[in-house]
Amino acid sequence: MSTMNSAGHIGAGLAPLAVRPDNLTTLVFAAIRDKIVDATLAPGSSVSEASLAKQLEVSKTPVREALLRLRHVGLVEPTPRGLRVIQPSVKGIRDAFEFRAGLEAMAGRYAANRSTEEEYENIYRLAEESLAAANEGRDADFHRSDREFHAAIAQAARNERLIEAVGDSFVLTLALRQRDVKVERDFIPDAHEHVKIAEGIRAGDAELASSRLAGHNQRIMAQLLEAHPHGAVGDNAEM
């Protein structure tokens, strides 16, 4: 676990990156994101381009680009002294899931109208894979299918801005869920909803697909808020 100095900066905690893919920023983004999720980069701690670049053994440029995306996603926020990791809060979780519910409702509507047979078959396959994984207790496989299922719906919407926004909102809600709410969830209801959503898209029923996606996100949000240590407190409550 990292340590914080008197200025609030994070000390050692990120391992140097061992590979250099074509898109280094993507790898840097994932490394910083993961350290926010596991709290190596603690909530409220300041983040420094120079410090992160030194720890990851990369130049400042990919770190700067990764931090810009993390700010856009919502995992870091500006302060008078720079950027800091967002603090846990009930309102933060609610805002993130409500925003994602709206985006995915829109994506489901467009996917129902625009998806090809091949795209639908892929969406339905991923829904069934998520259900099989949930039933068999294969959580890692469920999470993979879950991520790919939601991404496939966004892709079928054929709107580049929406695809990016859905992807970013998925990153934020997953990070907040993993970091801030320690609860064992049953993924079987999620997976059954995946199948129902896929059926709505296949039927070309834009209203049905849209409402099922919105409801899917809202139900998960309600579960997380109920399990949150301060879930019964007002919107501005923080841990």
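Numbers here simply count residues along the sequence, with the first being 1.
- Side chains of Val85 and Leu75 form no contact here, defined as non-hydrogen atoms less than 4.5 Å apart.
- Note: Arg147 CZ to Leu174 CG = 8.5 Å, rounded to the nearest 0.5 Å.
- Thr173 and Arg100 share a side-chain donor-acceptor pair at under 3.5 Å.
- A salt bridge does not link Glu77 with Arg71: none of the charged nitrogens is closer than 4.0 Å to a carboxylate oxygen.
- Across all non-hydrogen atoms, the minimal contact from Leu176 to Ala96 is CD1-CB, 3.9 Å.
- Looking at Arg158 and Thr116, their side chains come closer than 4.5 Å, going by heavy atoms from C-beta outward.
- Of the possible donor and acceptor atoms, none in the side chain of Ser145 sits under 3.5 Å from a partner among the backbone N and O of Phe142.
- Without hydrogens or angle criteria, Ser169 side chain to Val166 main chain gives a donor-acceptor distance under 3.5 Å.
- The pair Lys35-Asp38 meets the salt-bridge criterion, since a charged nitrogen lies less than 4.0 angstrom from a carboxylate oxygen.
- Rounded to the nearest 0.5 Å, atoms CD (Gln155) and CD1 (Ile123) are 10.0 Å apart.
- With rounding to the nearest 0.5 Å, the separation of CG in Leu24 from CZ in Phe29 is 14.0 Å.
- Distance check, rounded to the nearest 0.5 Å: CG of Asp146 to CG of Asp141 gives 12.0 Å.
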Verdict with supporting geometry, Arg144 and Glu148, salt bridge (Lys or Arg N to Asp or Glu O under 4.0 Å): CA-CA 6 Å; Arg144 176 191 56 78; Glu148 293 178 4; 3.3 Å; yes
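- No option in Leu213, Leu162, Asn217 other than Leu162 meets the side chain to side chain contact (heavy atoms under 4.5 Å, CB included) test with Leu103.
- The distance from atom CD1 of Ile93 to atom CE of Met221, rounded to the nearest 0.5 Å, is 10.5 Å.
- Arg109 places no side-chain N or O within donor-acceptor distance of the main-chain N or O of Ala206, the cut-off being under 3.5 Å.
- With Asp168 as the fixed residue, the salt bridge (Lys or Arg N to Asp or Glu O under 4.0 Å) test singles out one of Arg161, Arg69, Arg33: Arg69.
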Residues Glu65, Thr61; criterion side chain to side chain donor-acceptor pair (under 3.5 Å); working and verdict:
CA-CA 6 Å; Glu65 292 171 349; Thr61 299; over 6 Å; no
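- Considering all non-hydrogen atoms of both residues, Ile201 and Ala209 come closest at CG1-CB, 3.8 Å.
- Ring pair His194/His150 is perpendicular by interplanar angle, where above 60° counts as perpendicular and below 30° as parallel.
- Between Glu129 and Arg125, at least one side-chain N (NZ, or NE/NH1/NH2) sits under 4.0 Å from a carboxylate O, which counts as a salt bridge.
- Around atom CD of Glu117, more than 12 heavy atoms belonging to other residues, nucleotides or ligands sit under 6.0 Å away.
- Counting all heavy atoms, side chain and backbone alike, Asp190 lies closest to Asp186 at OD1-O, 4.3 Å.
- Remark: Arg212 does not engage Glu104 in a salt bridge, criterion side-chain N to carboxylate O under 4.0 Å.
- There is no path of hydrophobic side-chain contacts, each under 4.5 Å, that joins Ile220 to Ile197.
- Using a 4.5 Å cut-off on side-chain heavy atoms (C-beta onward), Arg84 and Val76 make no contact.
- A salt bridge links Arg64 to Glu49: one of the charged nitrogens lies within less than 4.0 Å of a carboxylate oxygen.
- For the residue pair Ala66 and Ile32, the shortest heavy atom distance occurs at CB-CD1, 4.3 Å.
- Residues Val37 and Ala175 come closest through the heavy atom pair CG2-CB, 3.6 Å.
- Summarising the geometry, atom CG belonging to Leu224 is positioned 5.0 Å from atom CZ belonging to Phe97; distances are rounded to the nearest 0.5 Å.
- Remark: side-chain polar atoms of Ser210 are not paired, donor with acceptor, to backbone N or O of Glu207 under 3.5 angstrom.
- Minimum interatomic distance between His228 and Ser89 (heavy atoms only, all atoms of both residues): NE2-C, 4.2 Å.
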